[in-house]
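The basis for the numbers below is simple: all heavy atoms, side chains too, and nothing from hydrogens, waters or symmetry mates.
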Amino acid sequence: MTPELSIVIPNYNTRALLEACLRSIFATANGIRTEVIVVDNASTDDSVTVVGSQFPQVRLLRNQANVGFARAVNQGLAIAQGEYLLLLNSDTELKPGALRHCLEFLRERPAAGAVGPRLVNPDGTLQPSCESFMSFSGIVWEALL
């Protein structure tokens, strides 16, 4: 059966963070057909061992060298089969309902090409994840300062 959601996680030496990330995915994916792909960039910690032993349902790609974030993401996306795609950093921990909320948002708005969920720090404060684009007047103002 085709997954509803493919989740791609690039990894490099973040075993403990990756483990917490994967646990949060499987704890919150209730009823969502998910495919999780971890692309490991030649980690020297035991990230690969942990994924293989604790999360056998995860598709694991192992690079022989650290090819960087963007290339690792592209490798994962190339094999992803889900209707929707989610890119996660290995230090992400999903809150209950987050996956379902994002999927519902996209289904209700078929013209939307992406969704960017709110990011919060471990203490619950908002984590800035974007900036507004500079307007013409903003560029002029910055040039005058």
Side-chain angles (χ1 to χ4, degrees), residues 1-135 138-139 141-142 145:
M1 188 177 294
T2 303
E4 293 174 84
L5 177 65
S6 292
I7 302 171
V8 176
I9 308 166
N11 178 67
Y12 180 67
N13 289 333
T14 62
R15 185 206 57 80
L17 294 171
L18 178 62
E19 184 178 356
C21 177
L22 292 171
R23 287 194 192 291
S24 77
I25 290 169
F26 294 114
T28 62
N30 307 335
I32 300 170
R33 292 186 320 277
T34 58
E35 166 189 52
V36 179
I37 302 165
V38 170
V39 183
D40 186 76
N41 274 332
S43 292
T44 56
D45 64 3
D46 60 347
S47 296
V48 169
T49 303
V50 167
V51 172
S53 65
Q54 294 185 31
F55 304 97
Q57 68 273 46
V58 169
R59 295 178 70 184
L60 178 63
L61 299 179
R62 297 176 67 178
N63 288 322
Q64 297 302 309
N66 185 348
V67 299
F69 179 85
R71 187 167 175 196
V73 165
N74 287 337
Q75 289 173 314
L77 292 176
I79 65 166
Q81 298 175 0
E83 179 181 357
Y84 296 98
L85 305 170
L86 174 62
L87 306 179
L88 288 182
N89 290 332
S90 59
D91 65 347
T92 303
E93 290 187 44
L94 300 176
K95 298 288 186 188
L99 293 176
R100 182 155 315 283
H101 183 74
C102 289
L103 287 175
E104 287 172 0
F105 177 91
L106 289 169
R107 287 188 181 114
E108 291 169 2
R109 295 163 183 84
V115 62
R118 178 178 32 179
L119 303 180
V120 293
N121 294 306
D123 67 359
T125 59
L126 183 63
Q127 184 180 96
S129 61
C130 63
E131 293 183 26
S132 59
F133 289 108
M134 188 68 78
S135 65
I139 292 170
W141 179 253
E142 288 289 323
L145 293 179

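Evaluation of the side chain to side chain contact (heavy atoms under 4.5 Å, CB included) rule for L77 yields V8, V73, N74, L85, L87 as partners, not counting sequence neighbours. Every residue meeting the side chain to side chain contact (heavy atoms under 4.5 Å, CB included) condition with T44, not counting sequence neighbours, appears here in chain and number order: N13. The side chain to side chain contact (heavy atoms under 4.5 Å, CB included) check on N30 picks up nothing, with sequence neighbours excluded.
Listed here is the closest heavy atom pair of P10 and A72: CB-CB, 3.8 Å. Listed here is the closest heavy atom pair of Y12 and A42: CE1-O, 3.8 Å. Summarising the geometry of A112 relative to F105, their closest heavy-atom pair is CB-CE2, 4.4 Å, with the distance given to 0.1 Å. Taking both residues in full, the closest heavy atoms of S6 and P3 are given as OG-CG, 4.4 Å, listed atom of the first, atom of the second, then distance.
Interatomic distance, CG of L86 versus SG of C102, reported as 7.5 Å (0.5 Å rounding). Interatomic distance, D45 CG to L18 CG, rounded to the nearest 0.5 Å: 8.5 Å. Here the OG1-CG distance, from T28 to L99, works out to 4.0 Å after rounding to the nearest 0.5 Å. In this structure, I7 CD1 and I25 CD1 are separated by 4.5 Å, a value rounded to the nearest 0.5 Å.
No hydrogens or angles considered: nothing links the side chains of S47 and D40 as a donor-acceptor pair under 3.5 Å.
N121 places no side-chain N or O within donor-acceptor distance of the main-chain N or O of D123, the cut-off being under 3.5 Å.
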Could you go through V39 and V67, starting from their C-alpha distance and side-chain angles, then the distance that decides it, and tell me whether this counts as side chain to side chain contact (heavy atoms under 4.5 Å, CB included)? CA-CA 10 Å; V39 183; V67 299; 5.9 Å; no
Donor-acceptor list for residues 51-65 side chains, cut-off 3.5 Å, not counting sequence neighbours:
from	atom 1	to	atom 2	distance (Å)
S53	OG	T49	O	2.9
Q54	OE1	R23	NH2	2.6
R59	NH1	E35	OE2	2.6
R59	NH1	I79	O	3.2
N63	OD1	Q75	NE2	3.0
N63	ND2	N41	OD1	2.9
N63	ND2	Q75	OE1	2.8

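Among pairs with a residue in residues 90-109, those fulfilling side chain to side chain donor-acceptor pair (under 3.5 Å) read E4-R107, T14-S90, at least two apart in sequence or across chains. Within the structure, no pair that satisfies the side chain to side chain donor-acceptor pair (under 3.5 Å) test touches residues 79-89, not counting sequence neighbours.
V38 is listed as a side-chain neighbour of L22, based on a closest heavy-atom distance under 4.5 Å.
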